[in-house]
Amino acid sequence: MYQISNFTENDDVNVLVEFGAFKVIEWKRDLSVTESSAITAYFASEMNVRRRQVICDLSQAPITVQAGAMQWSVGNVNTNTGVKGAGDFFGKALRGSVTGESAIKPEYEGPGLLVLEPTYRYIIVLDDGLFLACYSSLQHKAVMRSNISSAVAGNEGLFNLGIQGYGALCLESPCPKEELIEVTLDNDELKVDGNMALAWSGSLNFTVERSGKSLIGSAASGEGLVNVYRGTGKVLLAPTTY
């Protein structure tokens, strides 16, 4: 048995989200400051620049996290690499090399608690790149862009990390959930000028196209190339490029 005091019940801690095995907390102020850093810490807090952490209740579900994301755990917590043989290791290494994600993501399980490293980014929990942690029941895959142009001109890479299955997912975001724009497409299209999409449904077809019908028209509009999401699904947009 274990007991934790002065953590989530601390007056300086807000519980932002509770969903399934995940609890997201935010520290209202950074009290571990010196006289030389106090002014910076004060104005950072006033502008909502605060430390946030994810707490994982492993008794509800095994959790897979980004490599190096674990800060501490308590209880009977077991860790494994999630690798199920040489073939699986090769596949994960290849997927990591093309998506930019860590090749091996540790999996934690048992009747204990796992606390992830604090981050000053915003944490968004989804129940459907930016990957922080998810239920181990979810499947990871490398999704290739539909054409080379979307890799070269779209600034999204030739491959992205795709998540499939049933469970919850934590993402690190450059903006709070309150500012995220959710666009739902029903056999329609969305054109975005810039790198604003945080995540999108795997059912959507992503390409990079000219904003106009011709090169001259695209140049005249001042937009040039745009990211296009076409089909049926959802897109989460940040209010500005990141």
Side-chain angles (χ1 to χ4, degrees), residues 17 48-49 52 64 66 69 91-92 94-103 105 119-134 138-165 167-242:
V17 179
N48 201 32
V49 179
R52 300 172 182 91
T64 299
Q66 185 67 277
K92 289 182 176 179
L94 179 62
R95 185 183 68 218
S97 67
V98 298
T99 63
E101 298 286 329
S102 58
K105 296 181 177 65
T119 175
Y120 283 96
R121 303 193 83 182
Y122 300 92
I123 300 172
I124 299 171
V125 180
L126 302 177
D127 55 339
D128 301 22
L130 300 173
F131 169 80
L132 179 61
C134 71
L138 294 174
Q139 301 299 310
H140 303 214
K141 69 174 184 177
V143 180
M144 185 176 181
R145 302 276 59 83
S146 58
N147 56 37
I148 299 299
S149 71
S150 61
V152 176
N155 198 29
E156 297 285 358
L158 182 58
F159 293 86
N160 285 106
L161 177 65
I163 304 291
Q164 288 183 325
L169 169 70
C170 280
L171 300 178
E172 283 190 290
S173 169
C175 67
K177 186 176 182 180
E178 292 78 9
E179 291 186 355
L180 280 181
I181 303 165
E182 181 178 300
V183 180
T184 301
L185 299 176
D186 183 4
N187 195 28
D188 212 325
E189 67 179 23
L190 168 69
K191 295 181 179 180
V192 181
D193 179 20
N195 188 22
M196 298 171 60
L198 298 181
W200 58 89
S201 301
S203 56
L204 294 174
N205 182 39
F206 170 61
T207 60
V208 176
E209 303 173 7
R210 294 192 299 264
S211 60
K213 294 183 178 180
S214 66
L215 287 174
I216 296 177
S218 297
S221 70
E223 299 297 337
L225 298 172
V226 293
N227 296 330
V228 181
Y229 304 86
R230 187 175 285 113
T232 298
K234 292 183 179 181
V235 182
L236 290 179
L237 295 176
T240 59
T241 55
Y242 63 94

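Numbers for residues simply follow the sequence, beginning at 1.
Within the 4.5 Å cutoff, the side chain of E189 has no heavy atoms near those of the E209 side chain. Within the 4.5 Å cutoff, no side-chain heavy atoms of K177 are placed close to those of Y122. Residues R121 and S173 have side chains not in contact (no heavy-atom distance under 4.5 Å, counting atoms from C-beta outward).
The distance from the CG atom of L236 to the CG atom of L171 is 8.0 Å, given to the nearest 0.5 Å. For the atom pair CG of D188 and OG1 of T232, the computed distance is 8.5 Å after rounding to the nearest 0.5 Å. Separating the CH2 atom in W200 from the CG atom in L237 is a distance of 10.0 Å, to the nearest 0.5 Å.
Across N227 and G194, no two heavy atoms sit closer than the pair ND2-O, 3.2 Å. L204 and G231 make their closest contact through CD2-C, 3.6 Å (heavy atoms, listed as atom of the first residue, atom of the second, distance). Taking every heavy atom of both residues into account, P239 and M196 meet most closely at O-CE, 3.7 Å. Among all heavy-atom pairs drawn from Y229 and L185, the shortest one is O-CD1, 3.4 Å. Across all their heavy atoms, C175 and I124 have their closest contact at O-CD1, 4.3 Å.
Listed for the S201 side chain is no donor-acceptor partner under 3.5 Å among the backbone atoms of S203.
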- request: Could you go through the side-chain contact (heavy atoms from CB on, under 4.5 Å) check for V235 and V192 one step at a time?
  value: CA-CA 11 Å; V235 182; V192 181; 5.8 Å; no
